[in-house]
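Source: prediction; values computed, not measured. Counting starts at 1 for both ligands and their atoms, in listed order.
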Amino acid sequence: MPHLLHVACIMDGNGRWARRRGLPRTDGHTAGEEALANIVRIASQRDIGWLTVYGFSTENWVRPRTEVRHILSMHKRLFGRIDELNENNVRVRWIGRQFNESGARTPAFVQRSIEKAIDDTRNNTGMTLTVAFDYGSRAELTRSARLSSDAKNLRSDVEISDITQHLYDPEMPPVDVLIRTSGESRISNFLLWQIAGAKVFFTERTWPDISATELDAAIALVEPTDGQ
Ligand code: IPE
Ligand code: IPE
Ligand code: MG
């Protein structure tokens, strides 16, 4: 059996996609959600075990309220695609500031759709789709460091394995390849711990235009022996 890859995506460029077409930014987010559903289907047919996507960052809350509201409704739509996810044998997970954590901002209606999607897909045995929502790597690592030192009582005892075990999803494997769309060659605040050693694939294409071509080009960066 081949090594099943972990592919992570920074889904950037919805706004630019819309602007180039003379459309409101919200239309870009609608198209971005559709592109994600399409990529999930394609990825589930590749040797990909984990697909992790950056849906909304801890920094994105400062955007205009109407845009934020639209992005939230797109997540509700995404997490509502239960039949499709089940057809593709995809298991849903979520990472982000835990609902009871101070500073967490995921509204209740999105929390409910996340919990329902996780529950309704938990028996699927194919690819794991993890959506990072209200997610920031710095918040994740800060929490992990705190929990690790609490668990050990002594800060100096904390080891690499402790930090890994206290991430939002300790079962998430290291990322093999990170994709960022829209011509930005930066990582922002995404999976900073998990991408150590990952290949990085930057493409000029905006997220709503992503296709199997970019996904396959990114996968091709991973050497056959990597991660085995
Ligand atoms: C990515 O597209 C979606 C989110 C960050 C939620 P953007 O909205 O950042 O699109 P650009 O970068 O303005 O083109
Ligand atoms: C990255 O996109 C975050 C998500 C895709 C959710 P941004 O557009 O927010 O990233 P920066 O701030 O330009 O790096
Ligand atoms: Mg952007």
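The closest side-chain heavy-atom distance from Arg97 to Tyr168 is below 4.5 Å. Two residues are said to be in side-chain contact when any heavy atoms from C-beta on lie closer than 4.5 Å; Asp209 and Thr181 fail this criterion.
Under a 4.0 angstrom heavy-atom cut-off, His29 registers as being in contact with ligand 1.
Within 4.0 Å of ligand 2, counting heavy atoms only, the contacting residues are Ile10, Met11, Asp12, Tyr54, Gly55, Phe56, Ser57, Asn60, Arg63, Arg180, Arg186, Ser188.
Excluding waters, the set of protein N, O or S atoms lying under 2.8 Å from the Mg ion (ligand 3) comprises Asp12 OD1.
Between His29 and His70, the two ring planes are tilted [angle within 30° to 60°].
With hydrogens and angles disregarded, a donor-acceptor distance shorter than 3.5 Å links the side chain of Ser211 to the backbone of Thr213. No donor-acceptor distance shorter than 3.5 angstrom exists from the side chain of Asn189 to the backbone of Gly136, with no hydrogens or angles considered. At distances below 3.5 Å, not a single donor-acceptor pair connects side-chain atoms of Gln165 with backbone N or O atoms of Pro170.
Screening residues 73-106 for ring-ring contact (aromatic ring centres under 6.0 Å, His included), with sequence neighbours left out, gives His75-Phe133, Trp94-Phe99.
Taking the side chain to side chain donor-acceptor pair (under 3.5 Å) definition, one finds that Asp47 meets it with nothing, sequence neighbours left out.
Checking each of Thr130, Thr52, Thr121, Asp169 against Arg93 for a side chain to side chain donor-acceptor pair (under 3.5 Å) leaves exactly one that passes, namely Asp169.
A salt bridge does not link Glu204 with Arg16: none of the charged nitrogens is closer than 4.0 Å to a carboxylate oxygen.
Ligand 1 places these atoms under 4.0 Å from at least one heavy atom of Arg25: 7 (P), 8 (O), 10 (O), 13 (O).
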